K.L.:
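Take a look at the following structure, please.
Just so we're clear, the structure is a prediction, and the values are computed from it rather than from any experiment.
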Amino acid sequence: MRLGVRPVGAGAPRVPALLVGVAEGDTLETLKLAVAHRRPVRGALAARDATGRQNKVTVVYAEGTRIFLVGLGPRKAVQADVLREASAVAARQAQGLKVKELAVWLPSLAPRFGTATVVASVADGLNQGGYAYNAFRTRSDERVTQLESVAFLAPRTELAEAKAAAAGLAVTLDAVNFARDLGNRPGNDLMPRTLADAAQAMARTYGLRCKVHGPRDLERMGAGGLLGVGRGSAEEPRLVELEYAPRTRARGTLVFVGKGLTFDSGGISLKPADNMDRMKFDMCGAAAVLGAMQAVAQLKPQVRVIGLLAAAENMPGGRALKPGDVITALGGATVEITNTDAEGRLVLADALSYAAQWKPDAVVDLATLTGACTIALGNFPAGLFASDEKLHDRLADSARRAGEKVWRMPLWKQYEEMMKSDLADLKNAAGVREGGACTAAAFLRRFTSYPWAHLDIAGVGHADHERPGMARGGTGYGVKTLVDLAVRWE
Ligand code: BES
Ligand code: ZN
Ligand code: ZN
């Protein structure tokens, strides 16, 4: 998406579509509209169509432009997430009218509020709502319109701040859409091998080092988690390693790890048929890491960033892991397999052990790890587990700035106890459903030896149902948080 900032001129802006925010009680005066736009908007206000009710969109037509009046609720309660959601809803409506270019009337949005926050949250919302995935539509009349360009129209006094805020935003928003595209790709198109291809292509374009480890390398490393999970599938597993290194002295090293199950059938502990198609989204953690690496490569922060994608397909083939089997994960810990559907933690165990070689200052993993996390928290926050207070605070702050909700979950010793096996060092499933997100996190912790945080994104990696301003499918959740963490790391 192209993002620009232009000064509000004397006349009416010549744009195909214009977004105007209307709070409750707003009048023509408070909206500070161009003269040519006042008449149709006056009509919408007088008819009480545009009342300012939150997320309500009213479209009016002025000379040469459509005006999308979007409700913001009471002006006093307008926060970043109100602007984000209202913009997303308006963008979805504009999408239905095949709008590719949209201008934003900042004078209607900015008062009381930092211009930078307004620009960031509106751009984010528009990107969220204006997204389309058409790769598998062969009929052009069925294609959904992708929003291609957004221009903020800013008063002279806010021009500099708006421009500064917009710089770099498009890079991150494009990375979010890249992650959404990856999530939406079907399981027979995105396999561990083609996910690695996508990583390599991205790395080539943006100048990152990228190394792909196939089965032979994994064997040599002793990556029994990835190899074990991959055994039941005709598609071989991959461990993908990406590196961004700043030109001058780095302020430290971050490692981002993503669960990349390109399909999770459950394996021999087969999942029920209902909604099993959704398990193509079991690679959304890896997609978020890949998206974040794409943005990091362009934003060039003063910190070294490593991205690790643990990619496999979990299938019940003749050579698949069976309940009762024991594997040896990278680093040497043995794991009794009590449920082959608890496969994410097995591939992550290898990647988390592998991450130690960089002596990282922080490691953050993202994984669609447990259904239990969605039962605990629902479908908008991710569960945040952290072994280090400072990293927790930094990550929670980045998530807040990014508009991605996280909620802290505990890493108590009792959960670790529940993951002990009679036979091996650990078992991969506790055998009780209670606290499933916490026992999974406790399992992962055993493979970490550095400040570590884990985001369980099972509930947020993809949207099952249409939500306000969000199409069904991959959400790109996590990209913005990771990028913020890297860019502000010191
Ligand atoms: N990929 C699933 C978790 C998941 C469920 C993600 C629903 C998104 C939506 C994961 O591999 C899994 O199957 N976890 C099991 C663990 C259990 C067997 C201990 C679960 O959550 O039931
Ligand atoms: Zn599973
Ligand atoms: Zn899974």
Side-chain angles (χ1 to χ4, degrees), residues 179 182-183 192 195 223 225-226 229-230 237-240 255-264 266-267 278-293 307-314 329-330 335 339-355 362-377 379 381-387 391 395 399 404 406-409 411 415 419 428-429 436-448 452-462 474-479 481-482 485:
L182 287 167
L195 175 61
L226 274 158
V229 172
R238 295 282 188 275
L239 177 63
V240 182
V255 183
F256 298 153
V257 177
K259 171 177 172 181
L261 263 290
T262 59
F263 187 72
D264 177 13
R278 292 178 190 166
M279 283 301 125
K280 73 169 184 175
F281 292 110
D282 209 19
M283 37 54 68
C284 283
V289 169
L290 201 48
M293 293 306 291
L308 294 177
L309 318 179
E313 186 183 68
N314 189 19
L330 200 155
V335 182
N339 188 322
T340 66
D341 197 11
E343 84 300 332
R345 58 198 80 182
L346 301 175
V347 302
L348 289 171
D350 286 348
L352 290 171
S353 296
Y354 192 72
V363 175
V364 181
D365 80 69
L366 281 87
T368 46
L369 201 62
T370 66
C373 195
T374 72
I375 301 298
L377 298 177
N379 285 110
L384 165 56
F385 298 83
S387 66
L391 177 57
L395 197 60
E404 295 180 318
V406 296
W407 193 254
R408 190 163 194 183
M409 302 279 279
L411 277 173
Y415 299 119
M419 301 310 289
N428 77 325
C438 306
T439 49
F443 177 94
L444 295 181
R445 187 182 192 170
R446 284 284 302 265
F447 298 88
T448 68
W452 163 71
H454 157 60
L455 287 169
D456 192 329
I457 60 167
V460 293
H462 77 277
T475 60
Y477 181 99
V479 172
T481 297
L482 292 180
L485 188 75

K.L.:
Between Asp365 and Lys259, is there a salt bridge with N-O shorter than 4.0 Å?
P.N.:
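No, this pair does not count.
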
K.L.:
Write down the atom of Ala453, the atom of Leu395, and the distance for their closest heavy-atom approach.
P.N.:
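For Ala453 versus Leu395, the nearest heavy atoms are CB-CD2, 3.7 Å.
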
K.L.:
Does the side chain of Val363 reach to within under 4.5 Å of the side chain of Thr448, using non-hydrogen atoms?
P.N.:
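No, side chains not in contact.
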
K.L.:
Is the backbone N or O of Asn314 less than 3.5 Å from a side-chain atom of Glu343, with the two atoms forming a donor-acceptor pair by type?
P.N.:
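Side chain of Glu343 to backbone of Asn314, a donor-acceptor pair under 3.5 Å: no, none is there.
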
K.L.:
List the steps, then state whether side-chain contact (heavy atoms from CB on, under 4.5 Å) holds for Val460 with Leu455.
P.N.:
CA-CA 10 Å; Val460 293; Leu455 287 169; over 6 Å; no

K.L.:
Would you check if the side chain of Thr368 reaches a backbone N or O of Ile457 as a donor-acceptor pair within less than 3.5 Å?
P.N.:
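Checking the backbone N and O of Ile457 against the side chain of Thr368, no donor-acceptor pair under 3.5 Å is found.
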
K.L.:
Could you check whether any side-chain heavy atom of His454 comes within less than 4.5 Å of a side-chain heavy atom of Leu411, counting everything from C-beta outward?
P.N.:
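No, side chains not in contact.
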
K.L.:
Any sub-3.5 Å donor-acceptor pair from Asp456's side-chain atoms to Gly383's backbone N or O?
P.N.:
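A pair under 3.5 Å: no.
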
K.L.:
Check the pair Arg445 / Met419 against side-chain contact (heavy atoms from CB on, under 4.5 Å), numbers first and verdict last.
P.N.:
CA-CA 11 Å; Arg445 187 182 192 170; Met419 301 310 289; over 6 Å; no

K.L.:
When you measure from the side chain of Thr340 to the backbone of Gly266, do you find a donor-acceptor pair of N or O atoms at a distance under 3.5 Å?
P.N.:
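Yes, the answer is positive, given that a donor and an acceptor are paired below the 3.5 Å cut-off.
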
K.L.:
With rounding to the nearest 0.5 Å, note down the distance linking CG in Leu330 to CG in Leu226.
P.N.:
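Nearest 0.5 Å value for the CG-CG distance: 8.5 Å.
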
K.L.:
Distance-only, no hydrogens or angles: does the Glu313 side chain make a donor-acceptor pair with backbone N or O of Thr262 under 3.5 Å?
P.N.:
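Checking the backbone N and O of Thr262 against the side chain of Glu313, no donor-acceptor pair under 3.5 Å is found.
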
K.L.:
Please give me the minimum heavy-atom distance between Leu309 and Ala286, naming the atom from each residue.
P.N.:
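Of all heavy-atom pairs spanning Leu309 and Ala286, the closest is CD2-O, 3.5 Å.
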
